Amino acid sequence: ILLELPVPQIFVIENQDGVFELIDGLQRISTILQFVEPQSINLPPLKLDGCTLIPGLNNLLFSDLPLSLRLRIKRSPIRTVVIKKQSQGFLRYEMFKRLNTGGANLEPQEIRNCSARMLGEEGIAFYSLLVDLSQQEDFSACAEYLPQPDKEKKAAEELVLRFFAAKNFLDGFKGSVRDWLDNYMEGVLLKTLAFDLASEREDFIKTMVFAKEKLGDTAFLRYRGDTPVGALPPAYFEAIAIGIHNSYDQIKDKNQASLRTNITELVQSDGFRTVTGPGANSK
(Lines give C-alpha, C1' and ligand atoms only; values in the text may rest on other atoms or scores of the structure.)
Protein backbone atom coordinates (compact mmCIF):
# COMPACT_ATOMS: atom_id res chain seq x y z
CA ILE A 1 0.00 0.00 0.00
CA LEU A 2 2.84 2.39 0.86
CA LEU A 3 4.42 1.66 -2.53
CA GLU A 4 1.01 2.31 -4.14
CA LEU A 5 0.94 -1.15 -5.66
CA PRO A 6 -2.50 -2.71 -6.24
CA VAL A 7 -3.90 -4.87 -3.44
CA PRO A 8 -5.87 -7.96 -4.56
CA GLN A 9 -9.62 -7.80 -4.02
CA ILE A 10 -11.25 -9.40 -1.01
CA PHE A 11 -14.44 -11.49 -0.98
CA VAL A 12 -17.26 -11.28 1.55
CA ILE A 13 -20.59 -13.07 1.90
CA GLU A 14 -23.71 -11.31 3.12
CA ASN A 15 -25.35 -13.52 5.75
CA GLN A 16 -29.06 -13.66 6.58
CA ASP A 17 -28.72 -10.70 8.95
CA GLY A 18 -27.05 -8.55 6.32
CA VAL A 19 -23.65 -8.82 8.03
CA PHE A 20 -20.62 -9.32 5.79
CA GLU A 21 -18.53 -12.41 6.53
CA LEU A 22 -15.00 -12.45 5.16
CA ILE A 23 -14.19 -15.57 3.10
CA ASP A 24 -11.01 -14.48 1.31
CA GLY A 25 -8.59 -11.80 2.45
CA LEU A 26 -8.10 -12.55 6.13
CA GLN A 27 -4.33 -12.00 6.06
CA ARG A 28 -4.68 -8.71 4.21
CA ILE A 29 -7.40 -7.34 6.49
CA SER A 30 -5.87 -8.52 9.77
CA THR A 31 -2.45 -7.18 8.80
CA ILE A 32 -3.88 -3.73 8.08
CA LEU A 33 -5.88 -3.75 11.30
CA GLN A 34 -2.94 -4.87 13.40
CA PHE A 35 -0.78 -2.15 11.87
CA VAL A 36 -3.26 0.73 11.91
CA GLU A 37 -5.61 -0.09 14.82
CA PRO A 38 -4.09 -2.99 16.83
CA GLN A 39 -6.31 -2.21 19.80
CA SER A 40 -9.37 -3.15 17.73
CA ILE A 41 -8.24 -6.79 17.56
CA ASN A 42 -6.42 -6.96 20.90
CA LEU A 43 -3.00 -7.63 19.42
CA PRO A 44 0.33 -5.86 19.83
CA PRO A 45 1.01 -3.27 17.09
CA LEU A 46 2.91 -4.40 14.04
CA LYS A 47 6.30 -2.85 13.38
CA LEU A 48 7.50 -2.63 9.79
CA ASP A 49 10.30 -5.00 8.89
CA GLY A 50 11.93 -6.30 5.73
CA CYS A 51 11.37 -3.04 3.82
CA THR A 52 14.17 -3.59 1.32
CA LEU A 53 12.94 -1.01 -1.21
CA ILE A 54 12.59 1.77 1.39
CA PRO A 55 14.89 0.82 4.28
CA GLY A 56 13.93 3.98 6.17
CA LEU A 57 10.54 2.41 6.95
CA ASN A 58 12.07 -0.45 8.96
CA ASN A 59 11.25 -0.54 12.68
CA LEU A 60 8.48 2.05 12.34
CA LEU A 61 5.01 1.75 13.86
CA PHE A 62 2.00 3.30 12.16
CA SER A 63 2.20 6.21 14.61
CA ASP A 64 5.82 6.81 13.56
CA LEU A 65 4.92 7.38 9.91
CA PRO A 66 4.61 10.89 8.50
CA LEU A 67 1.03 12.15 8.23
CA SER A 68 1.13 11.85 4.45
CA LEU A 69 1.88 8.11 4.62
CA ARG A 70 -0.68 7.49 7.34
CA LEU A 71 -3.31 9.18 5.17
CA ARG A 72 -2.19 7.21 2.13
CA ILE A 73 -2.85 3.97 3.96
CA LYS A 74 -6.22 5.11 5.29
CA ARG A 75 -7.37 6.40 1.91
CA SER A 76 -6.22 3.43 -0.17
CA PRO A 77 -9.18 1.50 -1.61
CA ILE A 78 -9.40 -2.26 -1.51
CA ARG A 79 -11.86 -3.67 -4.00
CA THR A 80 -14.46 -5.89 -2.33
CA VAL A 81 -16.63 -8.49 -4.03
CA VAL A 82 -19.91 -9.06 -2.17
CA ILE A 83 -21.75 -12.35 -2.60
CA LYS A 84 -25.37 -11.53 -1.80
CA LYS A 85 -27.37 -13.51 0.72
CA GLN A 86 -29.80 -14.43 -2.04
CA SER A 87 -27.05 -16.39 -3.79
CA GLN A 88 -27.58 -20.14 -3.85
CA GLY A 89 -25.49 -22.13 -1.42
CA PHE A 90 -23.85 -24.00 -4.28
CA LEU A 91 -22.53 -20.75 -5.78
CA ARG A 92 -21.12 -19.69 -2.43
CA TYR A 93 -19.51 -23.11 -2.04
CA GLU A 94 -17.96 -22.99 -5.52
CA MET A 95 -16.67 -19.47 -4.93
CA PHE A 96 -14.91 -20.41 -1.71
CA LYS A 97 -13.49 -23.63 -3.13
CA ARG A 98 -12.04 -21.90 -6.18
CA LEU A 99 -10.55 -19.12 -4.10
CA ASN A 100 -8.84 -21.48 -1.70
CA THR A 101 -7.74 -24.52 -3.66
CA GLY A 102 -4.30 -24.59 -5.18
CA GLY A 103 -2.86 -22.25 -2.59
CA ALA A 104 -0.85 -23.04 0.51
CA ASN A 105 -2.63 -20.87 3.04
CA LEU A 106 -5.25 -23.42 4.14
CA GLU A 107 -4.90 -27.14 4.68
CA PRO A 108 -7.25 -29.47 2.71
CA GLN A 109 -9.51 -30.23 5.69
CA GLU A 110 -9.69 -26.55 6.65
CA ILE A 111 -10.88 -25.78 3.11
CA ARG A 112 -13.43 -28.61 3.29
CA ASN A 113 -14.76 -27.39 6.64
CA CYS A 114 -15.19 -23.83 5.41
CA SER A 115 -16.62 -24.98 2.09
CA ALA A 116 -19.28 -27.00 3.90
CA ARG A 117 -20.38 -23.94 5.81
CA MET A 118 -20.80 -22.02 2.56
CA LEU A 119 -23.73 -24.30 1.69
CA GLY A 120 -25.91 -23.18 4.59
CA GLU A 121 -27.64 -25.22 7.28
CA GLU A 122 -27.11 -28.68 5.76
CA GLY A 123 -23.44 -27.98 5.13
CA ILE A 124 -23.06 -26.71 8.69
CA ALA A 125 -24.74 -29.89 9.98
CA PHE A 126 -22.25 -32.08 8.11
CA TYR A 127 -19.30 -29.96 9.22
CA SER A 128 -20.56 -30.09 12.81
CA LEU A 129 -20.81 -33.88 12.60
CA LEU A 130 -17.15 -34.15 11.60
CA VAL A 131 -16.10 -31.85 14.44
CA ASP A 132 -18.33 -33.60 16.98
CA LEU A 133 -17.15 -37.09 16.06
CA SER A 134 -13.51 -35.99 16.06
CA GLN A 135 -14.03 -35.20 19.74
CA GLN A 136 -15.85 -38.45 20.55
CA GLU A 137 -14.20 -39.96 23.64
CA ASP A 138 -13.00 -43.29 22.24
CA PHE A 139 -11.84 -41.93 18.89
CA SER A 140 -10.20 -38.92 20.52
CA ALA A 141 -8.10 -41.20 22.74
CA CYS A 142 -6.78 -43.01 19.66
CA ALA A 143 -6.31 -39.76 17.69
CA GLU A 144 -3.97 -38.47 20.40
CA TYR A 145 -1.26 -40.35 18.51
CA LEU A 146 -1.55 -38.02 15.53
CA PRO A 147 1.50 -35.74 15.17
CA GLN A 148 0.84 -32.33 16.73
CA PRO A 149 1.33 -30.41 13.43
CA ASP A 150 -1.29 -32.69 11.83
CA LYS A 151 -3.72 -32.08 14.70
CA GLU A 152 -3.45 -28.36 14.03
CA LYS A 153 -4.33 -29.02 10.40
CA LYS A 154 -7.64 -30.70 11.37
CA ALA A 155 -6.24 -34.21 10.83
CA ALA A 156 -8.66 -35.74 13.35
CA GLU A 157 -11.64 -34.34 11.44
CA GLU A 158 -10.10 -35.61 8.21
CA LEU A 159 -9.84 -39.11 9.69
CA VAL A 160 -13.57 -39.03 10.44
CA LEU A 161 -14.21 -38.05 6.82
CA ARG A 162 -11.84 -40.78 5.64
CA PHE A 163 -13.85 -43.34 7.60
CA PHE A 164 -17.06 -42.34 5.83
CA ALA A 165 -15.36 -42.15 2.43
CA ALA A 166 -13.72 -45.58 2.82
CA LYS A 167 -17.02 -47.01 4.05
CA ASN A 168 -19.28 -45.46 1.40
CA PHE A 169 -17.18 -44.24 -1.54
CA LEU A 170 -14.32 -46.68 -2.11
CA ASP A 171 -15.09 -46.93 -5.81
CA GLY A 172 -14.63 -43.16 -6.08
CA PHE A 173 -10.90 -43.42 -5.32
CA LYS A 174 -8.80 -42.62 -8.38
CA GLY A 175 -5.28 -42.25 -6.99
CA SER A 176 -5.39 -39.00 -5.01
CA VAL A 177 -6.58 -39.10 -1.41
CA ARG A 178 -7.21 -35.35 -1.39
CA ASP A 179 -9.38 -35.48 -4.52
CA TRP A 180 -11.17 -38.58 -3.24
CA LEU A 181 -12.12 -36.88 0.03
CA ASP A 182 -13.05 -33.66 -1.77
CA ASN A 183 -15.28 -35.52 -4.21
CA TYR A 184 -16.93 -37.57 -1.49
CA MET A 185 -17.75 -34.58 0.69
CA GLU A 186 -18.99 -32.62 -2.29
CA GLY A 187 -21.22 -35.52 -3.29
CA VAL A 188 -22.70 -35.64 0.22
CA LEU A 189 -23.22 -31.88 0.40
CA LEU A 190 -24.74 -31.61 -3.05
CA LYS A 191 -26.89 -34.71 -2.42
CA THR A 192 -25.53 -36.80 -5.25
CA LEU A 193 -24.42 -39.31 -2.60
CA ALA A 194 -26.68 -40.60 0.16
CA PHE A 195 -25.69 -39.77 3.73
CA ASP A 196 -27.94 -40.19 6.75
CA LEU A 197 -26.46 -38.17 9.61
CA ALA A 198 -27.98 -40.26 12.40
CA SER A 199 -27.09 -43.71 11.08
CA GLU A 200 -23.61 -42.66 9.96
CA ARG A 201 -22.94 -41.18 13.39
CA GLU A 202 -24.06 -44.44 15.00
CA ASP A 203 -21.80 -46.53 12.74
CA PHE A 204 -18.76 -44.40 13.52
CA ILE A 205 -19.30 -44.37 17.28
CA LYS A 206 -19.99 -48.12 17.43
CA THR A 207 -16.77 -48.80 15.53
CA MET A 208 -14.68 -46.50 17.69
CA VAL A 209 -16.10 -47.82 20.97
CA PHE A 210 -15.24 -51.36 19.85
CA ALA A 211 -11.73 -50.37 18.71
CA LYS A 212 -10.92 -48.62 21.98
CA GLU A 213 -12.45 -51.37 24.14
CA LYS A 214 -10.83 -54.30 22.34
CA LEU A 215 -7.57 -52.80 21.09
CA GLY A 216 -6.91 -49.83 23.37
CA ASP A 217 -5.90 -46.31 22.41
CA THR A 218 -3.07 -47.70 20.25
CA ALA A 219 -5.64 -49.44 18.04
CA PHE A 220 -4.50 -47.80 14.80
CA LEU A 221 -0.73 -47.70 15.25
CA ARG A 222 2.10 -49.57 13.57
CA TYR A 223 3.62 -52.44 15.50
CA ARG A 224 7.12 -53.78 15.94
CA GLY A 225 6.61 -57.21 17.40
CA ASP A 226 4.11 -56.68 20.21
CA THR A 227 5.02 -53.04 20.74
CA PRO A 228 3.11 -50.10 19.18
CA VAL A 229 5.45 -47.57 17.57
CA GLY A 230 5.28 -44.13 15.96
CA ALA A 231 2.43 -41.80 15.14
CA LEU A 232 -0.99 -42.76 13.80
CA PRO A 233 -0.85 -43.50 10.04
CA PRO A 234 -4.14 -42.67 8.26
CA ALA A 235 -3.94 -45.79 6.09
CA TYR A 236 -3.80 -48.00 9.20
CA PHE A 237 -6.78 -46.16 10.64
CA GLU A 238 -8.78 -46.72 7.45
CA ALA A 239 -7.90 -50.40 7.22
CA ILE A 240 -8.56 -51.32 10.85
CA ALA A 241 -11.62 -49.11 11.35
CA ILE A 242 -13.31 -50.30 8.15
CA GLY A 243 -12.27 -53.87 8.88
CA ILE A 244 -13.98 -53.63 12.27
CA HIS A 245 -17.08 -52.05 10.75
CA ASN A 246 -17.43 -54.56 7.92
CA SER A 247 -16.93 -57.63 10.12
CA TYR A 248 -18.48 -56.33 13.33
CA ASP A 249 -21.00 -59.14 13.74
CA GLN A 250 -18.29 -61.78 13.23
CA ILE A 251 -15.77 -60.29 15.68
CA LYS A 252 -17.90 -58.56 18.33
CA ASP A 253 -17.62 -61.52 20.71
CA LYS A 254 -13.99 -62.40 19.96
CA ASN A 255 -11.50 -62.61 22.78
CA GLN A 256 -9.68 -59.31 23.25
CA ALA A 257 -6.21 -60.86 23.35
CA SER A 258 -6.69 -63.01 20.24
CA LEU A 259 -8.18 -60.08 18.32
CA ARG A 260 -5.22 -57.88 19.24
CA THR A 261 -2.79 -60.65 18.23
CA ASN A 262 -4.46 -61.16 14.85
CA ILE A 263 -4.50 -57.45 14.00
CA THR A 264 -0.92 -56.97 15.22
CA GLU A 265 0.23 -59.77 12.92
CA LEU A 266 -1.86 -58.45 10.05
CA VAL A 267 -0.41 -54.93 10.06
CA GLN A 268 3.12 -56.36 10.10
CA SER A 269 2.49 -58.68 7.16
CA ASP A 270 4.20 -58.10 3.82
CA GLY A 271 0.86 -57.92 2.05
CA PHE A 272 -0.44 -55.16 4.30
CA ARG A 273 2.77 -53.14 4.17
CA THR A 274 2.87 -53.36 0.38
CA VAL A 275 -0.41 -51.44 0.04
CA THR A 276 0.10 -49.00 2.90
CA GLY A 277 3.73 -47.97 2.53
CA PRO A 278 5.08 -44.65 1.17
CA GLY A 279 3.60 -43.79 -2.21
CA ALA A 280 1.11 -46.66 -2.07
CA ASN A 281 -1.93 -44.63 -3.15
CA SER A 282 -3.77 -47.73 -4.22
CA LYS A 283 -7.34 -48.80 -3.59
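Worth knowing before you read on, the calculation uses all heavy atoms, side chains too, and leaves out hydrogens, waters and symmetry mates. In this text, all values refer to a predicted model and were calculated from it rather than measured experimentally.
Counting heavy atoms from C-beta on, the side chains of Val209 and Gln136 come closer than 4.5 Å. Contact annotation: the side chain of Leu65 approaches that of Ile73 to within less than 4.5 Å [non-hydrogen atoms, C-beta and beyond]. The side-chain heavy atoms of Glu265 and Ser269, taken from C-beta on, include no pair separated by under 4.5 Å. Counting heavy atoms from C-beta outward, Leu3 and Ile54 have side chains that approach closer than 4.5 Å. In this structure, the side chains of Leu69 and Leu57 come closer than 4.5 Å at one or more pairs of heavy atoms. Counting only heavy atoms from C-beta outward, the side chains of Leu146 and Leu159 approach each other to under 4.5 Å. At least one side-chain heavy atom of Val12 sits under 4.5 Å from a side-chain heavy atom of Thr80.
The main-chain N or O of Ala257 is found under 3.5 Å from a side-chain atom of Asn255 such that the two form a donor-acceptor pair. Judged by distance alone, the side chain of Thr192 and the main-chain N or O of Gly187 form a donor-acceptor pair under 3.5 Å. Of the possible donor and acceptor atoms, none in the side chain of Glu200 sits under 3.5 Å from a partner among the backbone N and O of Phe164. Although no hydrogens or angles enter the test, the distance criterion places no donor-acceptor pair under 3.5 Å between the side chain of Thr218 and the main chain of Leu221. Here the side chain of Trp180 pairs a donor or acceptor atom with the backbone of Phe169 at under 3.5 angstrom. Asp182 contributes no side-chain N or O that, together with a main-chain N or O of Asp179, makes up a donor-acceptor pair within less than 3.5 Å. Under the 3.5 Å distance criterion, the side-chain polar atoms of Arg28 are matched with a main-chain donor or acceptor of Gln9. A donor-acceptor pair is defined here as one N or O able to donate and one able to accept, closer than 3.5 Å; such a pair exists between the side chain of Gln256 and the backbone of Glu213.
Judged purely by distance below 3.5 Å, without hydrogens or angles, the side chains of Tyr223 and Arg260 pair a donor atom with an acceptor atom.
With respect to Glu158 and Lys153, no salt bridge is recorded, no charged nitrogen being found less than 4.0 Å from a carboxylate O. Between Asp217 and Lys212 there is no salt bridge, since no side-chain nitrogen of the basic residue lies less than 4.0 Å from a carboxylate oxygen of the acidic one.
How far CD of Glu238 is from CG of Leu170: 9.0 Å, rounded to the nearest 0.5 Å. Between the CG atom of Asn183 and the CZ atom of Phe173 there is a distance of 11.0 Å, given to the nearest 0.5 Å. To the nearest 0.5 Å, atom CG of residue Leu33 and atom OG of residue Ser40 are 4.5 Å apart. Atom CG of residue Leu161 and atom CG of residue Leu181 lie 5.0 Å apart, to the nearest 0.5 angstrom. Atom CG in Asn262 sits 8.0 Å away from atom NZ in Lys254 (nearest 0.5 Å).
Cation-pi contact between Arg222 and Tyr236: present, with separation from the ring centre below 6.0 Å and deviation from the ring axis of at most 45°.
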**Message:** Quick one, Ser134 with Glu157, criterion side chain to side chain contact (heavy atoms under 4.5 Å, CB included). Give me CA distance, side-chain angles, the key distance, then yes/no.
**Reply:** CA-CA 5 Å; Ser134 74; Glu157 294 164 26; 3.6 Å; yes

**Request:** Begin with the C-alpha distance, continue with both residues' side-chain angles, and end with the deciding distance and a verdict on side chain to side chain contact (heavy atoms under 4.5 Å, CB included) for Glu14 and Glu21.
**Result:** CA-CA 6 Å; Glu14 183 183 23; Glu21 296 179 1; over 6 Å; no

**Request:** Start with the C-alpha gap between Ile78 and Ile32, add the side-chain angles, then the distance that decides, and say whether side chain to side chain contact (heavy atoms under 4.5 Å, CB included) holds.
**Result:** CA-CA 11 Å; Ile78 297 180; Ile32 293 168; 3.5 Å; yes

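Leu61 and Leu67 fall into different hydrophobic clusters, where Ile, Leu, Val, Met, Phe, Trp and Tyr residues are linked whenever their side-chain heavy atoms come under 4.5 Å apart, directly or through other members.
Counting non-hydrogen atoms of neighbouring residues, nucleotides and ligands closer than 6.0 angstrom, the CD atom of Glu202 reaches no more than 12 such neighbours.
In summary, the aromatic rings of Tyr145 and Phe220 are positioned with their centroids too far apart to meet the 6.0 Å limit.
If you run ring pair (Phe, Tyr, Trp, His ring centres under 6.0 Å) between Phe139 and each of Phe163, Phe210, Phe204, only Phe204 comes through.
Applying the salt bridge (charged side-chain N to carboxylate O under 4.0 Å, His left out) test to residues at least two apart or on different chains, the pairs with a partner in residues 124-151 are Asp132-Arg201, Glu144-Lys151.
For Asp226 against Pro228, the heavy-atom pair with the smallest separation is O-CD, 3.8 Å. The shortest non-hydrogen separation linking Ile240 to Ala219 is CD1-O, 3.3 Å. Nearest approach of Met208 to Ala241, heavy atoms of both residues: CE-CB, 3.9 Å.
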